[in-house]
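The first residue in the sequence is number 1, and the count goes up from there. A quick note: this is a predicted structure, and the numbers were derived from the prediction, not measured.
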Amino acid sequence: MKKRLIGIITALFLVSGILLSPEIGQAQTTVDYDELYQQGVSEGIINQADVGLEEWVKENENEYKQVYQDGLKDGVYDASMSYEEWIKLNNYGQPPVVDENWEEVPQKPMLKGVYKGYNIKKGDILITNGTSSSGLLGHSAIANGNEYILDIPGKGETTRQWSTSRWMKEYDGKGWVKVYRLKDSSVANAAANWADKNYYSTNGTSKQNIFPKYGMTGSRYSKNPTYCSKIVLQAYYFGTENKPVVQVFPSLVTVYDLPNYFSKAYKPQQVKYFK
């Protein structure tokens with residue numbers, strides 16, 4: 001009788017299309033990729049010319065789903081969050097959508113801070129698909145000087161300051177890197193200084209004396225633990241005095257949605273694309 005009861009329960013789950021996953025401890029339903037893809041297209045986030053449905057499904061199955069499951073295991077977000085909700089939160093796995101691209105007039109390359117003939121400037125926001133963290137697609141960083149880039153790479157790590165050439169070579173070799181810049185350089189400089197003195201050196205020197213842990217818990221005010229995209233948004237939120245630079249500061253700052261958290265007047269625009 002017990003075996004028969006178990007068989008009936010199992011059959012009911014199979015009929016309803018629900019599978020219980022002991023690995024992540026929540027019910028998983030079949031993902032309707034076609035519907036999700038069309039939603040992303042209708043919202044202007046997925047560009048069909050850049051990624052077709054078949055390619056997008058492969059990216060979900062071969063990469064994005066694992067990041068989602070890792071996030072569930074590590075408690076990055078509530079276990080009730082479905083995969084559909086998560087992929088939408090992560091901008092459907094797509095790079096940020098910006099209103100316009102603008103390229104500044106070429107300048108004489110600096111001795112430092114230049115990569116492939118392009119000058120990375122203080123306050124620039126760098127976004128790449130070269131790596132992902134538990135529950136978070138992509139990676140981001142801020143140029144805390146014209147020749148240095150500040151970030152926190154992932155689980156078990158702390159913040160670091162790498163030379164522009166070293167950071168760019170690391171991620172340019174793994175995928176694409178997009179550089180976003182605010183037109184107001186004074187705001188960008190202020191944010192960079194805040195990031196440097198709150199996440200690397202309280203004295204603003206090359207010697208690191210701040211070592212936060214990596215983690216996705218805590219409020220917008222906390223700096224330990226922290227994660228890559230939170231550092232960037234905090235720098236522009238707290239480091240720019242009372243200027244209305246940041247419009248939205250969500251509980252989870254996703255990498256691919258970073259530019260959309262800024263107010264319209266200060267929204268960073270893409271100035272360079274390395275691929």
Side-chain angles (χ1 to χ4, degrees), residues 16-99 125-141 153-155 171 174-178 180 214-217 227-230 232-233 247-262 270 273 275:
S16 63
I18 299 176
L19 298 176
L20 289 179
S21 173
E23 180 182 5
I24 58 177
Q26 79 165 141
Q28 294 293 297
T29 57
T30 303
V31 178
D32 189 338
Y33 285 122
D34 184 68
E35 182 180 348
L36 267 177
Y37 180 82
Q38 295 306 326
Q39 285 179 12
V41 171
S42 66
E43 292 172 20
I45 296 175
I46 297 178
N47 188 333
Q48 291 176 294
D50 294 335
V51 57
L53 174 60
E54 184 177 350
E55 180 184 354
W56 188 74
V57 171
K58 287 182 179 179
E59 290 175 342
N60 277 266
E61 288 293 315
N62 298 333
E63 179 186 353
Y64 304 161
K65 267 195 170 181
Q66 186 59 56
V67 178
Y68 165 71
Q69 291 173 353
D70 289 344
L72 286 176
K73 291 177 186 176
D74 293 340
V76 173
Y77 34 77
D78 192 272
S80 64
M81 179 178 285
S82 68
Y83 182 75
E84 289 89 342
E85 293 170 327
W86 177 84
I87 194 66
K88 290 178 183 179
L89 183 67
N90 280 272
N91 218 48
Y92 293 89
Q94 303 305 295
V97 177
V98 293
D99 298 327
I125 299 169
L126 299 100
I127 295 177
T128 178
N129 69 340
T131 186
S132 293
S133 302
S134 175
L136 198 64
L137 289 178
H139 181 57
S140 59
K155 191 175 180 180
Y171 293 105
K174 293 180 178 179
W176 51 255
V177 176
K178 296 191 175 189
Y180 295 83
Y214 184 90
M216 296 186 188
T217 58
Y227 53 99
C228 63
S229 45
K230 181 180 176 180
V232 175
L233 199 60
Q247 181 175 311
V248 179
F249 203 123
S251 57
L252 179 63
V253 182
T254 58
V255 174
Y256 293 154
D257 220 19
L258 257 176
N260 295 323
Y261 301 138
F262 288 71
Q270 181 181 311
Y273 180 23
K275 59 179 179 178

Rounded to the nearest 0.5 Å, what separates atom CG in Leu233 from atom CZ in Phe262? 6.0 Å
Can you sort out the partners of Asn60 under side-chain hydrogen bond (donor to acceptor under 3.5 Å, both in side chains), two or more places apart, ordered by chain and number? Tyr83
Distance check, rounded to the nearest 0.5 Å: Tyr256 atom OH versus Asn91 atom CG? 9.5 Å
With Tyr37, which residues qualify under ring pair (Phe, Tyr, Trp, His ring centres under 6.0 Å), at least two apart? Trp56
Would you say the side chain of Pro95 lies within less than 4.5 Å of the side chain of Tyr273, judging by non-hydrogen atoms? no
Residues that Glu61 engages under side-chain hydrogen bond (donor to acceptor under 3.5 Å, both in side chains), provided they are two or more places apart: Tyr33, Lys65
Distance col, row Ser251:OG vs Met216:CE, nearest 0.5 angstrom, shows 12.0 Å
Supply the atom-to-atom distance Glu63 CD to Asn129 CG, rounded to the nearest 0.5 angstrom. 7.0 Å
Minimum heavy-atom distance between Leu136 and Tyr227, given as atom pair plus value: CD2-CD1, 4.0 Å
Donor-acceptor pairs under 3.5 Å, side chain of residues 39-46 to any protein atom, not counting sequence neighbours: which ones?
from	atom 1	to	atom 2	distance (Å)
Gln39	OE1	Lys88	NZ	2.9
Gln39	NE2	Glu35	OE2	3.4
Ser42	OG	Gln38	O	3.3
Ser42	OG	Gln39	O	2.8
Glu43	OE1	Tyr92	OH	3.4
Glu43	OE2	Tyr92	OH	3.1

Contacts of type side-chain hydrogen bond (donor to acceptor under 3.5 Å, both in side chains), residue Gln94, not counting sequence neighbours: none
Check Ser80 against Glu85 and note the closest heavy-atom contact, atom names and distance. O-OE1, 3.9 Å
Residues Lys275 and Trp176: closest non-hydrogen pair is CB-CB, 4.1 Å
Measure across Tyr68 and Ser82 and return the closest heavy-atom pair with its distance rounded to 0.1 Å. OH-C, 3.5 Å
Rounded to the nearest 0.5 Å, what separation is found between the OH atom of Tyr77 and the CG atom of Leu72? 4.5 Å
Would you name the heavy atoms of Leu258 and Ser229 that are closest together and state the gap between them? CD2-O, 3.9 Å
Going by the rule side chain to side chain contact (heavy atoms under 4.5 Å, CB included), which residues pair with Val67 if we only count those two or more places apart in sequence or in a different chain? Trp86, Ser132, Leu137
Residue Glu54 excluded, over 12 heavy atoms near CD under 6.0 Å: no
Who pairs with Tyr64 by ring pair (Phe, Tyr, Trp, His ring centres under 6.0 Å), at least two apart in sequence or on another chain? none
One should read off an interatomic distance between Leu126 CG and Lys178 NZ, to the nearest 0.5 angstrom, of 13.0 Å
Should the heavy atoms of other residues, nucleotides or ligands under 6.0 Å from NZ of Lys174 be counted, would the total exceed 12? yes
For Asp74, all residues meeting side-chain hydrogen bond (donor to acceptor under 3.5 Å, both in side chains), sequence neighbours excluded: Ser134, Lys155
Closest non-hydrogen atoms of Ile127 and Ser140, given as atom of the first, atom of the second and distance, are CG1-CB, 4.2 Å
Under the side chain to side chain contact (heavy atoms under 4.5 Å, CB included) test, which residues partner Thr217, sequence neighbours left out? Pro225
